[in-house]
Amino acid sequence: EAKRDSKGGVCLFSPSMEAARFERRRMEQELREGIALDQVKPFYQPIVRFSDGGLCGFEILARWQHPRLGLLTPDAFIRLADSTGQITAMTHSILRQACIDARHIPAHLRLALNISPTQFEEPGLAETLIAIILAEGVSPARFEIEITEDAVMDDIVAAERVLATFRNSGMTVALDDFGTGYSSLSNLRRLRFDKIKIDQSFVKSLTESVESEKLVDAIISLALSFGMKVTAEGIEDAAAAEMLLRKGCTQGQGYFFGKPASFGEVASLLSLPREVAA
Ligand code: C2E
Ligand code: MG
Ligand code: MG
Ligand code: MG
């Protein structure tokens with residue numbers, strides 16, 4: 001926004017804008033260095049099966065161990081990574097670290113990796129991620145890809161090709177934050193997602209709002225009728241968990257079951273050998 005200076009002229013920069021620009025540049029540079037040094041780490045949030053309460057895997061969530069600012073959550077750096085072309089390098093670094101962790105995590109537990117819409121258009125996205133996993137000596141079948149509706153609905157033909165490449169490698173594909181974007185039901189069917197994740201905004205209001213409950217009912221029956229699994233995220237209390245269990249929801253994720261944690265914490269939770277947990 002242009003501001004008027006004291007002489008009535010227009011200046012394009014104010015000192016505070018200058019400072020904000022400087023800070024953004026600094027973060028951009030620090031992110032570049034941080035990614036190279038593996039400061040952006042995979043954290044792991046448990047996903048549980050409703051049928052028997054067992055653990056079925058983890059969602060990989062990025063956390064930046066920033067040397068100056070401490071542990072940062074994605075709202076502080078994912079948009080920056082996306083807009084400065086660093087999201088690819090960040091994802092590769094996280095995936096490589098997750099593969100190293102995966103060697104110590106029981107093989108039946110699936111690890112879900114988030115992909116930004118901006119990244120989804122990259123040529124060779126699926127091939128590159130599969131190559132990274134194989135180079136680390138891990139089976140791609142241990143991984144799930146999470147993408148949002150916006151990423152896939154623009155160019156359905158291209159999306160179909162990318163998802164097919166993932167699936168042919170043994171990976172599964174989940175549609176994240178379902179209900180907040182735009183997707184047509186026929187495209188949903190055509191893309192053959194293995195799983196739908198119900199956005200946490202609906203889950204949070206589930207026990208108080210009849211509207212949310214009806215939406216959640218509709219999403220669960222849609223998923224199940226298409227033969228897809230359905231995960232509810234953002235479950236914070238027993239009341240919501242019980243309700244989703246009764247509704248036939250397949251899997252649950254949320255602070256009620258566990259917060260995102262470092263590999264060290266997860267390793268001690270799983271009682272892995274001490275040298276791994278350290
Ligand atoms: P998402 O993929 O929908 O991940 C779920 C988010 O909900 C995570 O936030 C998780 O910590 C949070 N969450 C889970 N259960 C609860 C709960 O019971 N209560 C509350 N209040 N929150 C809960 P987080 O880790 O801050 O990540 C935010 C978003 O950033 C993710 O949303 C995802 O879109 C993006 N993201 C995270 N890691 C990556 C990554 O490695 N790559 C990319 N491209 N995006 C990422
Ligand atoms: Mg996700
Ligand atoms: Mg989500
Ligand atoms: Mg989200």
Side-chain angles (χ1 to χ4, degrees), residues 31 34-35 38-48 57-65 71-99 101 110-122 125 128-129 132 143-152 172-181 183 193-207 216 219 223 229-241 243-244 249 251-263 265-266:
L31 184 59
I35 291 168
D38 286 347
Q39 285 171 4
V40 183
K41 305 217 166 290
F43 269 44
Y44 300 91
Q45 186 177 30
I47 301 176
V48 304
F58 298 95
E59 178 169 5
I60 301 169
L61 294 161
R63 294 291 182 268
W64 182 8
Q65 188 62 64
L71 195 67
L72 301 181
T73 52
D75 54 305
F77 62 91
I78 294 286
R79 223 175 310 116
L80 182 67
D82 265 325
S83 66
T84 59
Q86 301 189 63
I87 193 75
T88 302
M90 192 200 83
T91 306
H92 293 177
S93 162
I94 290 172
L95 181 57
R96 248 180 242 114
Q97 296 177 72
C99 284
D101 295 343
R110 201 177 278 275
L111 304 172
L113 181 73
N114 288 283
I115 297 294
S116 294
T118 52
Q119 236 180 322
F120 200 72
E121 286 151 22
E122 267 171 35
L125 166 77
T128 309
L129 298 184
I132 288 172
F143 285 90
E144 180 157 83
I145 292 293
E146 293 195 5
I147 48 171
T148 56
E149 294 161 86
D150 309 336
V152 287
T172 51
V173 186
L175 185 58
D176 204 356
D177 300 348
F178 185 72
T180 59
S183 44
F193 288 99
D194 299 280
K195 182 196 278 189
I196 286 179
K197 297 189 80 172
I198 306 174
D199 190 69
Q200 48 181 292
S201 58
F202 306 123
V203 177
K204 291 238 171 68
S205 50
L206 181 63
T207 50
V216 168
I219 297 172
K229 289 178 178 155
V230 56
T231 301
E233 55 182 9
I235 302 174
E236 293 189 346
D237 51 52
M243 209 159 161
L244 287 155
C249 191
Q251 299 172 344
Q253 177 182 350
Y255 293 172
F256 177 66
F257 301 111
K259 290 192 173 182
S262 69
F263 176 68
E265 291 172 276
V266 165

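The shown structure was predicted, so the numbers you read here are calculated from the model rather than taken from an experiment. Remember, it's 1-based here, ligands and their atoms both numbered in the order they're listed.
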Asks: With a heavy-atom distance limit of 4.0 Å, tell me whether D176 approaches ligand 1 through its side chain, its backbone, both, or neither.
Replies: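 Just the side chain.
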
Asks: Only N/O/S atoms count here: what is the atom of E233 closest to the Mg ion (ligand 3) called?
Replies: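 Sorting the N, O and S atoms of E233 by distance to the Mg ion (ligand 3) puts OE2 first.
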
Asks: Could you list the atoms of ligand 1 found under 4.0 angstrom from a heavy atom of E233?
Replies: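 Matching atoms, with element in brackets: 3 (O), 5 (C).
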
Asks: At a threshold of 2.8 Å, where the distance has to be below it, does the Mg ion (ligand 2) have an N, O or S atom of D177 nearby?
Replies: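 Here the distance criterion (N, O or S atom, under 2.8 Å) is not met by D177, so no.
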
Asks: Tell me, please, if E59 has any N/O/S atom, main chain or side chain, under 2.8 Å from the Mg ion (ligand 2)?
Replies: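 So E59 counts as coordinating the Mg ion (ligand 2), yes.
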
Asks: Does ligand 1 have any atom that is closer than 4.0 Å to a heavy atom of T91?
Replies: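 No heavy atom of T91 comes that close to ligand 1.
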
Asks: With T84, which residues qualify under side-chain hydrogen bond (donor to acceptor under 3.5 Å, both in side chains), at least two apart?
Replies: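 Partners of T84 under the side-chain hydrogen bond (donor to acceptor under 3.5 Å, both in side chains) test: Q86.
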
Asks: Between ligand 1 and K197, can you find any atom pair, the residue atom being a heavy atom, that is separated by under 4.0 Å?
Replies: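 Contact check K197 vs ligand 1: negative.
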
Asks: Closer than 4.0 angstrom: is that true for some heavy atom of R63 and an atom of ligand 1?
Replies: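 Yes, that is the case, since the closest heavy atom of the residue is under 4.0 Å from the ligand.
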
Asks: Checking only N/O/S atoms, does D176 have one that is under 2.8 Å from the Mg ion (ligand 3)?
Replies: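 Checking D176: at least one N, O or S atom is under 2.8 Å.
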
Asks: Short check: any N/O/S atom of E146 below 2.8 Å from the Mg ion (ligand 3)?
Replies: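 No, since none of the N, O or S atoms of E146 sits under 2.8 Å from the Mg ion (ligand 3).
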
Asks: Among S116, G234, P260, whose heavy atom sits nearest atom 44 (N) of ligand 1?
Replies: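 Going through S116, G234, P260 one by one, S116 has the nearest heavy atom to atom 44 (N) of ligand 1.
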
Asks: Answer yes or no for Q253: is there a heavy-atom contact with ligand 1 below 4.0 Å?
Replies: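 Flag not set, Q253 not near ligand 1.
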
Asks: Do I47 and F58 have side-chain heavy atoms sitting under 4.5 Å apart?
Replies: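 They are not in contact (no side-chain heavy atoms under 4.5 Å apart), so the answer is no.
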
Asks: Can you give me the closest heavy-atom contact between A223 and I196, atom names plus distance?
Replies: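 Taking A223 first and I196 second, the nearest heavy atoms are CB-CD1, 4.1 Å.
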
Asks: How close do I235 and A240 get, counting heavy atoms only, and between which atoms?
Replies: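 Shortest heavy-atom contact: CG2-CB, 4.2 Å.
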
Asks: Taking only residues two or more places apart in sequence or in another chain, which ones pass side-chain hydrogen bond (donor to acceptor under 3.5 Å, both in side chains) with Q45?
Replies: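 Partners of Q45 by the side-chain hydrogen bond (donor to acceptor under 3.5 Å, both in side chains) criterion, ordered by chain and then number, come out as Q253.
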
